[in-house]
Amino acid sequence: MPELPEVETMRRGVAAVVGARIVDLIRPRSALRPILFAPRWDRLKRRALGQSIVATGRAGKRLVFELSGGNRLVIEPRMTGLALLSDPPTDEHVRLRMMLAGAATRQFLFWDRRGLGTVRLVSPAEYLARYGPDHLGPDALSVTADQLRTRLGRSRRAVKVALLDQRAVAGIGNLYAAEILHVARIHPARPCDRLTAPQWQAIAAAARAVLSEAIRHEGSTLADGTYRNALNQAGSYQNHHLVYGRAGSPCSTCGGESIARIVQSQRSTFFCPACQAAGRRRRRKLCTTGPDTV
DNA sequence: CCCCAGTCCTGCGGGC
DNA sequence: TGCCCGCAGGACTGGG
């Protein structure tokens with residue numbers, strides 16, 4: 001499930017497209033069901049054809065290709081989308097094939113098993129409207145405690161649910177929200193408006209630490225094997241997960257209690273009831289020593 | 001405005 | 001053995 005580290009790994013993995021000219025766009029017949037193209041396929045193809053890719057970027061969990069004409073191609077992998085320069089896992093779910101000239105790679109593929117992903121060609125104005133600061137918060141890789149507190153400090157939502165709000169902070173999904181709160185030693189159900197300044201510091205520090213470490217390991221490839229880098233290789237951060245997907249296993253941080261699973265907003269949340277206790281004094285004590293150790 | 005439930009989609013694993 | 005159902009969670013929509 002591509003979140004910030006996986007999309008950043010995709011972005012780095014497709015660096016060879018920079019400088020390339022788009023000489024053809026193909027929507028393979030093998031794609032049983034077309035995914036969302038915006039504008040509609042014919043128009044998107046016409047507007048992208050002949051353009052050069054001048055830079056790559058990332059907007060939260062989206063991969064961005066900046067085109068020579070000023071427009072951007074924004075690829076949103078959602079659950080199962082992959083950005084590939086190599087052969088895809090299966091031919092069946094290739095949604096977009098871009099043929100390139102003048103660079104180190106001859107093609108770029110967007111593969112998406114479930115077809116929830118999107119591909120959008122947007123003008124500068126559309127980009128700002130859709131991915132500007134009104135809709136996308138500061139990037140989670142460099143988010144500060146002040147930014148989090150300004151955006152969420154008065155919210156009564158559970159902190160784990162709030163961290164998934166892309167308008168508040170961009171790039172965190174279900175998996176990394178759990179890992180970040182574990183490192184910050186904060187209970188996922190804690191209301192935002194009851195978090196202290198040191199706790200926001202702990203969350204911001206944990207976000208930067210966990211996400212950069214996950215990038216270093218090229219993201220998380222879960223048991224379903226969906227996430228792959230640009231060369232169709234698995235990441236390894238799943239081997240470093242402390243809580244996600246580990247319900248019932250002993251907590252490797254405290255060595256004692258087993259990891260719990262609860263449901264918040266119809267999504268699984270994993271945490272350690274001991275390290276991330278709901279009790280006030282305990283958490284305050286732990287958070288002063290917690291985040292710096294990572 | 002704030003927040004939650006429902007929706008899309010495919011593949012997999014549990015239960016019977 | 002085979003089928004069915006629930007679950008996985010990105011972002012978005014509609015409504016309280």
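What's counted below: heavy atoms across the whole structure, side chains too, no hydrogens, waters or symmetry copies.
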Nearest of C:dA11, B:dC4, C:dG9 to any side-chain atom of A:Met79? C:dG9
Aromatic rings A:His217 and A:Tyr237: how do their planes relate, parallel, tilted or perpendicular, breaks at 30° and 60°? tilted
Sugar-phosphate only, base, or nothing, as touched by A:Gly115 at under 4.0 Å among non-hydrogen atoms: nothing
Among C:dA11, C:dG10, C:dG9, which is the nearest nucleotide to the side chain of A:Leu164? C:dG10
Think A:Tyr176 has a side-chain N or O under 4.0 angstrom from the OP1 or OP2 of C:dG9? no
DNA chain B nearest-nucleotide lookup for A:Leu116 and A:Arg157: closer to the 5′ end is A:Arg157
Inspect the contact between A:Asp165 and A:Arg157 and indicate whether a charged nitrogen and a carboxylate oxygen are less than 4.0 angstrom apart. yes
If I take atom CG in residue A:Leu36 and atom P in nucleotide C:dC12, what distance separates them, rounded to the nearest angstrom? 10 Å
C:dC12 phosphate, OP1 or OP2, under 4.0 Å from A:Arg130 side-chain N/O: yes
Give a yes/no answer on whether the side chain of A:Arg113 brings an N or O atom under 4.0 Å of OP1 or OP2 in B:dG11. no
Given C:dG9, B:dC4, C:dA11, the nucleotide with the shortest approach to the side chain of A:Arg62: C:dA11
Taking atom C1' of B:dC9 as reference, at what distance in whole Å does atom CG of A:Asp112 sit? 9 Å
Round to a whole Å and report the spacing from CG of A:Leu222 to C1' of B:dG11. 14 Å
How many Å lie between CD on A:Glu6 and C1' on C:dG9, as a whole number? 13 Å
Please name the residue in the list A:Arg267, A:Glu3, A:Lys160 that meets the side-chain hydrogen bond (donor to acceptor under 3.5 Å, both in side chains) test with A:Asn174. A:Lys160
Integer-rounded Å distance: C:dG10 C1' and A:Phe110 CZ: 11 Å
For the pair A:Arg58 and A:Asp139, find out whether any cationic side-chain nitrogen is under 4.0 Å from an anionic carboxylate oxygen. yes
Could you state the NZ-P distance from A:Lys160 to C:dG9, rounded to the nearest angstrom? 7 Å
Nearest to the side chain of A:His93, which nucleotide is it out of B:dT10, B:dC9, C:dA11? B:dT10
Check every atom of B:dC3, B:dT10, C:dG10 against the side chain of A:Ser155 and return the nucleotide holding the closest atom. B:dC3
What nucleotide among B:dC3, B:dG11, C:dA11 has an atom nearest to a side-chain atom of A:Arg156? B:dC3
Can you tell me the distance, in whole Å, between the OH atom of A:Tyr131 and the C1' atom of C:dG10? 13 Å
Which nucleotide wins on minimum distance to the side chain of A:Arg114, given the candidates C:dC12, B:dC3, C:dG9? C:dG9
Are A:Phe37 and A:Leu49 connected into the same hydrophobic cluster when the rule is that any two of I, L, V, M, F, W, Y join if their side-chain heavy atoms are below 4.5 Å apart? yes
Checking the side chain of A:Arg95 only, and the main-chain atoms of A:Asp112 only, is there a donor and an acceptor separated by less than 3.5 Å? yes
A:Arg167 near the nucleic acid: base, sugar-phosphate alone, or nothing, with a heavy-atom cut-off under 4.0 Å? nothing
Can you list, in residue-number order, the parts of residues 260-271 of chain A that come under 4.0 Å of DNA chain C, counting heavy atoms only? A:Arg261, A:Arg267, A:Ser268
Heavy-atom donor-acceptor pair, A:Gln201 side chain to A:Ala145 backbone, under 3.5 Å: no
Taken to the nearest whole Å, CZ/A:Arg78 to C1'/B:dT10 is 15 Å
Polar side chain donor-acceptor pair, A:Gln276 to A:His182, under 3.5 angstrom: yes
